[in-house]
Amino acid sequence: DLIRISDELTPARINSVAVRSEAYPNFDIVLSPNKANSYEEIDTASLVQTIKALKLMYDFIIIDANPGVDRLNQTIFKESDRILVLFTPEISSIYRLVNFLRDFQGLRIARPDLIYNKRSKKADKTVGNILAKVLPYPIYASITEDIKNFTDSLNYLYPIVTKKGPVRNDMLRLAQALLEWYNQL
């Protein structure tokens, strides 16, 4: 919605599209288009213009992008101050991650930070040696596997960080690291 009006973006226009969080007043969400074919219609110049307008309003912009290095993601990566790549310990996820990082290295832009999601002792035993051999970058942060709390969070619509436990601690550590990085800019 914002990309279509990138030439006319104002704070009021952005606020008219952003969804305000009731739980977190300083957290807005701008949803992606609901048409499946609309990604092909996105002009990269309009995307850049939209990202720059959002940067004027927000301290952090998190873009949940499609996996891979397509034309739109390349534009997003080039406009990003920081790139976080989430992966899980399943072999298929690691395989996709390695291919993605190989493609990413060819872009010659800032290297991404890797976040190991659903980490557990069992997963470390299973894929730890593989990760040590195939990852070209160190793991920036980990989020512990906690199926019950993740499931409850999704089913009962509450942020997982509101429940005490390892996932909350992991998320708070990640947030603190990002805030420290941001404050050094």
Side-chain angles (χ1 to χ4, degrees), residues 3 29-44 47-48 50-51 54 60-155 159-161 163 165-182:
I3 291 171
I29 299 171
V30 177
L31 301 171
S32 64
N34 56 9
K35 292 182 188 174
N37 64 348
S38 60
Y39 289 107
E40 287 113 28
E41 299 168 10
I42 295 174
D43 171 55
T44 55
L47 178 59
V48 168
T50 302
I51 291 171
L54 290 169
F60 291 93
I61 301 168
I62 300 169
I63 299 175
D64 183 7
N66 292 327
V69 184
D70 61 17
R71 167 183 71 86
L72 293 179
N73 283 353
Q74 286 182 35
T75 302
I76 292 167
F77 297 149
K78 289 177 182 171
E79 293 300 314
S80 297
D81 297 318
R82 190 94 187 243
I83 300 164
L84 305 173
V85 175
L86 191 75
F87 74 94
T88 58
E90 293 85 17
I91 295 297
S92 58
S93 176
I94 295 168
Y95 180 76
R96 282 190 307 275
L97 174 67
V98 169
N99 285 330
F100 171 76
L101 294 175
R102 190 175 299 126
D103 291 343
F104 197 89
Q105 286 174 326
L107 296 176
R108 301 183 196 279
I109 55 179
R111 76 173 176 88
D113 290 307
L114 305 179
I115 300 177
Y116 183 169
N117 191 24
K118 297 184 185 178
R119 190 170 195 168
S120 67
K121 289 179 183 178
K122 180 181 177 186
D124 283 347
K125 285 180 187 177
T126 306
V127 298
N129 289 334
I130 296 169
L131 291 175
K133 291 177 186 174
V134 299
L135 293 184
Y137 311 122
I139 294 172
Y140 179 71
S142 296
I143 301 170
T144 306
E145 181 176 50
D146 185 348
I147 295 169
K148 182 186 178 338
N149 278 330
F150 274 116
T151 303
D152 287 351
S153 172
L154 290 171
N155 288 337
I160 195 162
V161 295
K163 298 291 182 188
V167 172
R168 174 189 168 99
N169 296 338
D170 295 342
M171 299 290 266
L172 291 175
R173 268 193 298 278
L174 174 58
Q176 184 62 40
L178 291 172
L179 284 172
E180 288 171 7
W181 162 80
Y182 177 77

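The basis for the numbers below is simple: all heavy atoms, side chains too, and nothing from hydrogens, waters or symmetry mates.
The CG atom of Leu47 sits 12.0 Å away from the CD atom of Gln74 when rounded to the nearest 0.5 Å. Atom CD1 of Ile83 sits about 11.0 Å away from atom NZ of Lys78, to the nearest 0.5 Å. Here Glu79 contributes atom CD and Thr50 contributes atom OG1; the two are 10.5 Å apart, rounded to the nearest 0.5 Å.
Among residues two or more places apart in sequence or in another chain, the side-chain hydrogen bond (donor to acceptor under 3.5 Å, both in side chains) test is passed with Asp152 by Lys148. Not counting sequence neighbours, Asn73 has no partner by the side-chain hydrogen bond (donor to acceptor under 3.5 Å, both in side chains) test. The side-chain hydrogen bond (donor to acceptor under 3.5 Å, both in side chains) search around Ser80 returns none, not counting sequence neighbours. Shown here are the side-chain hydrogen bond (donor to acceptor under 3.5 Å, both in side chains) partners of Thr144, two or more places apart in sequence or in another chain: Asp170. Residues satisfying the ring-ring contact (aromatic ring centres under 6.0 Å, His included) criterion with Tyr140, sequence neighbours excluded, are absent altogether.
Side-chain atoms of Leu178 and Leu84, non-hydrogen and from C-beta on, do get closer than 4.5 Å to each other. For the pair Ser153/Lys163, no side-chain contact is recorded, criterion being any heavy-atom separation below 4.5 Å from C-beta on. Using a 4.5 Å heavy-atom threshold, the side chains of Arg119 and Ile143 count as separate. Using a 4.5 Å cut-off on side-chain heavy atoms (C-beta onward), Ile160 and Arg168 make no contact. Side-chain atoms of Tyr116 and Leu131, non-hydrogen and from C-beta on, do get closer than 4.5 Å to each other.
Counting all heavy atoms, side chain and backbone alike, Thr126 lies closest to Ile130 at O-CD1, 4.3 Å. Contact between Arg71 and Thr44 at its shortest, heavy atoms only, is NH1-CG2, 3.4 Å. In terms of heavy-atom proximity, Lys118 sits nearest to Ala123 at O-CB, 4.4 Å.
Below 30°, between 30° and 60°, or above 60°: for Phe77 and Phe104 the angle between ring planes is above 60°, a perpendicular geometry.
Heavy atoms of other residues, nucleotides or ligands lying less than 6.0 angstrom from OH of Tyr95 number 12 at most.
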Next item on the list: Decide side chain to side chain contact (heavy atoms under 4.5 Å, CB included) for Glu145 and Ile147; before the verdict, give the C-alpha distance in whole Å, the side-chain angles of both, and the deciding distance to 0.1 Å.
Entry: CA-CA 6 Å; Glu145 181 176 50; Ile147 295 169; 3.8 Å; yes
Next item on the list: Could you walk me through whether Val167 and Asn149 pass side chain to side chain contact (heavy atoms under 4.5 Å, CB included), step by step?
Entry: CA-CA 9 Å; Val167 172; Asn149 278 330; 5.8 Å; no
Margin query: Run the side chain to side chain contact (heavy atoms under 4.5 Å, CB included) test on Phe100 and Val85 for me, step by step, so that the C-alpha distance in whole Å, both residues' side-chain angles and the decisive distance to 0.1 Å come before the verdict.
Written below: CA-CA 10 Å; Phe100 171 76; Val85 175; 3.5 Å; yes
Check: Step by step, would you call Ile63 with Ile61 a side chain to side chain contact (heavy atoms under 4.5 Å, CB included)?
Finding: CA-CA 6 Å; Ile63 299 175; Ile61 301 168; 4.0 Å; yes
Got a list of side-chain donor-acceptor pairs under 3.5 Å for residues 108-115, not counting sequence neighbours?
from, atom 1, to, atom 2, distance (Å)
Asp113, OD2, Arg82, NE, 2.5
Asp113, OD2, Arg82, NH2, 2.8

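Applying the side chain to side chain contact (heavy atoms under 4.5 Å, CB included) test between Leu101 and each of Leu97, Val98, Asp103 identifies Leu97 as the sole match.
Defined by atom type and a distance below 3.5 Å, a donor-acceptor pair is present between the side-chain atoms of Asn99 and Arg102.
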